Novice: 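Here's a structure for you.
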Protein chains: 2
Amino acid sequence: MKDKQTHLIDTAINLFARDGVSVSTARIASEAGVSNGTLFNYFPTKQQLIDSVYLSIKEDIARNVLPSLGQDMSVKEVMFGIWRGYIQWALANPLHHEVSILLKAAMVLSAATLERADAIFELKVAKLRKGVEQHQLVDLPVDYICELSTAQLSVAVAFLQRFKLDSVDASKHIHCSFDVFWNGINA
Amino acid sequence: MKDKQTHLIDTAINLFARDGVSVSTARIASEAGVSNGTLFNYFPTKQQLIDSVYLSIKEDIARNVLPSLGQDMSVKEVMFGIWRGYIQWALANPLHHEVSILLKAAMVLSAATLERADAIFELKVAKLRKGVEQHQLVDLPVDYICELSTAQLSVAVAFLQRFKLDSVDASKHIHCSFDVFWNGINA
DNA sequence: TGTGTGATTGACTGATCAGTCATTTTTTGA
DNA sequence: TCAAAAAATGACTGATCAGTCAATCACACA
């Protein structure tokens, strides 16, 4: 049997995706096959459970996206690596993707958690910064381009999920949506 | 004194923006200066209050954005009209903008309400459809381009709100963010 | 087998909340 | 001026929920 803490997080992700963050801790515990007392042994408050869920998802994304990237790659290569890696991860883990967006948008995450989550993807920020400094990208704040990429990635994923394309068309859309993004920010 | 129903909606928007959708009906009523019984005279359920808040915001956007658009304008002109109009509205009504995003993301809106809200902006969809058909825009589903524009607009607004630019720089960013969007979808 | 330790349990509590309704207040218009 | 209608009130209810804790269980080691 999987680590109980991990199993509770997985169960919470499933229920958050189905019913939103408002699901009761009792239901999460029951669905996970433990008593609600046990849930509170692992997560002292519901807030800490929510934060743990978010960080767990972000770390999972990092594990699946960052390894394919290198310091020696160009900005465009890094961004495309993130693009393809994230979309593939999101299609393989639709609920995780959905919950990650949900928690961020619903403003239920502690400030510390948001900060920790950002720190995971420092490489991306660094590459974009260099791209702007070297005038390869439009002269906009790096934060802005970051948010832009996240927003456009979400739209691309939502589209791919809605119309279940075969893998050829999916790959085509990954390139196509990336081109839309890249043409937008290319200097 | 303003129409009570309108006043309750305005109060709800303020509280939703400050504390999320989870604020109690009692607090909304009290903040609006009426009893909670009165709130339920105007909105039989909290759900209907939430839906009314959303539709009220969308109609406000439409009133501020649609009048400047005409059937005879090009796709680009229409999209830029929406771009500038929406950003100006959002900067003048930051809480409304925030709540509109919050309600959509938190998945607390009824299906009927989402449909009604979409119908308000039919002109935009029609223009984009023609643009794609006439190969002025990249060959992507109109829905996709719609979502893309909404997402990028949100990012642009968030940026302008974070760094309170003077009106010259703000206008520059409106054009700049639009160019990023347009260069992405221009065929 | 016996004992001590840490994990697990679930009934319980106090707080909160959406929604009700009998009563009171205000408005209307004859 | 007054009676009927409409609007407003707020105490109340039943349900739900996060979090607690005394009791129980499972297991390691003597």
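Only a predicted model underlies this, so the values are computations on that prediction, with no experimental measurement involved. Chain letters run A, B, ... following the sequence lines, proteins first, then strands; residues in each count from 1.
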Novice: Between dC17(D) atom P and Arg27(A) atom CZ, what is the distance in whole Å?
Specialist: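 Going from CZ in Arg27(A) over to P in dC17(D) covers 9 Å.
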
Novice: Rounded to whole Å, please give me the gap between CG in Asp19(B) and C1' in dT16(C).
Specialist: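 Distance check: Asp19(B) CG to dT16(C) C1' gives 15 Å.
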
Novice: Return the value, rounded to whole Å, for the distance between atom NZ of Lys46(A) and atom C1' of dT16(D).
Specialist: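 In whole Å, dT16(D) C1' and Lys46(A) NZ are 11 Å from each other.
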
Novice: Rounded to whole angstrom units, what separation is found between the CD1 atom of Ile28(A) and the P atom of dC17(D)?
Specialist: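 So the two atoms are 11 Å apart, to the nearest Å.
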
Novice: Does any N or O donor sit under 3.5 Å from an N or O acceptor when you compare the side chain of Asn36(B) with the base of dA8(D)?
Specialist: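 It does not, because no donor-acceptor pair links the side chain of Asn36(B) to the base of dA8(D) below 3.5 Å.
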
Novice: Taking C-beta and beyond as the side chain, do Tyr54(A) and Val108(A) meet within less than 4.5 Å on heavy atoms?
Specialist: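 No, too far: nothing below the 4.5 Å cut-off.
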
Novice: With a cut-off of 6.0 Å (strictly less than), are more than 12 heavy atoms of other residues, nucleotides or ligands near CD of Glu115(B)?
Specialist: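 Result for CD/Glu115(B): open.
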
Novice: Without decimals, in angstroms, what is the distance between Phe43(A) CZ and dT20(D) P?
Specialist: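 Going from Phe43(A) (CZ) to dT20(D) (P), I get 16 Å.
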
Novice: Under 4.0 Å between a side-chain nitrogen and a carboxylate oxygen: does that hold for Arg162(A) and Asp143(B)?
Specialist: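 Salt bridge: yes.
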
Novice: Provide, to the nearest angstrom, the distance between the CG atom belonging to Leu8(A) and the P atom belonging to dT9(C).
Specialist: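 Value for this atom pair: 10 Å.
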
Novice: Would you say dA8(D) has OP1 or OP2 under 4.0 Å from some side-chain N or O of Thr38(B)?
Specialist: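 Checking Thr38(B) against dA8(D): no side-chain N or O falls below 4.0 Å of OP1 or OP2.
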
Novice: To the nearest Å, how far apart are Leu39(B) CG and dG10(D) P?
Specialist: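 Atom CG in Leu39(B) sits about 14 Å away from atom P in dG10(D).
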
Novice: Report yes if a side-chain nitrogen or oxygen of Ser24(B) is closer than 4.0 Å to either non-bridging phosphate oxygen (OP1 or OP2) of dT16(C); otherwise report no.
Specialist: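 No, Ser24(B) has no side-chain N/O under 4.0 Å of OP1/OP2 on dT16(C).
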
Novice: Does Lys4(B) put a side-chain nitrogen or oxygen below 4.0 Å from OP1 or OP2 of dA8(D)?
Specialist: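 Indeed, a polar side-chain atom of Lys4(B) lies that close.
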
Novice: Are any of Ser35(B)'s side-chain N or O atoms less than 4.0 Å away from OP1 or OP2 of dT9(D)?
Specialist: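 Ser35(B) to dT9(D) OP1/OP2: side-chain N or O found under 4.0 Å.
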
Novice: According to a strict under-4.0 Å criterion, is Tyr42(A) in side-chain N/O contact with OP1 or OP2 of dT8(C)?
Specialist: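 So the side-chain polar atoms of Tyr42(A) do come within 4.0 Å of the phosphate oxygens OP1 or OP2 of dT8(C), strictly under.
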
Novice: Is any NZ, NE, NH1 or NH2 atom of the basic residue among Asp51(A) and Arg116(A) found under 4.0 Å from an Asp or Glu carboxylate oxygen of the other?
Specialist: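 No, no charged N to carboxylate O under 4.0 Å.
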
Novice: Quick one: on DNA chain D, does Gly33(B) or Pro44(A) contact a more 5' nucleotide (nearest heavy atom)?
Specialist: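 This one resolves to Gly33(B).
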
Novice: Where each residue is assigned the nucleotide of DNA chain D containing its nearest heavy atom, which of Val21(A) and Asn41(A) is assigned the position nearer the 5′ end?
Specialist: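 Residue closer to the 5' terminus by nearest nucleotide: Val21(A).
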
Novice: How many whole angstroms separate atom CZ of Phe40(B) from atom C1' of dC21(C)?
Specialist: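 Rounded to the whole Å, the gap is 13 Å.
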
Novice: For the residue pair Leu153(A) and Phe181(A), establish whether any side-chain heavy-atom pair is separated by less than 4.5 Å.
Specialist: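 No, side chains not in contact.
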
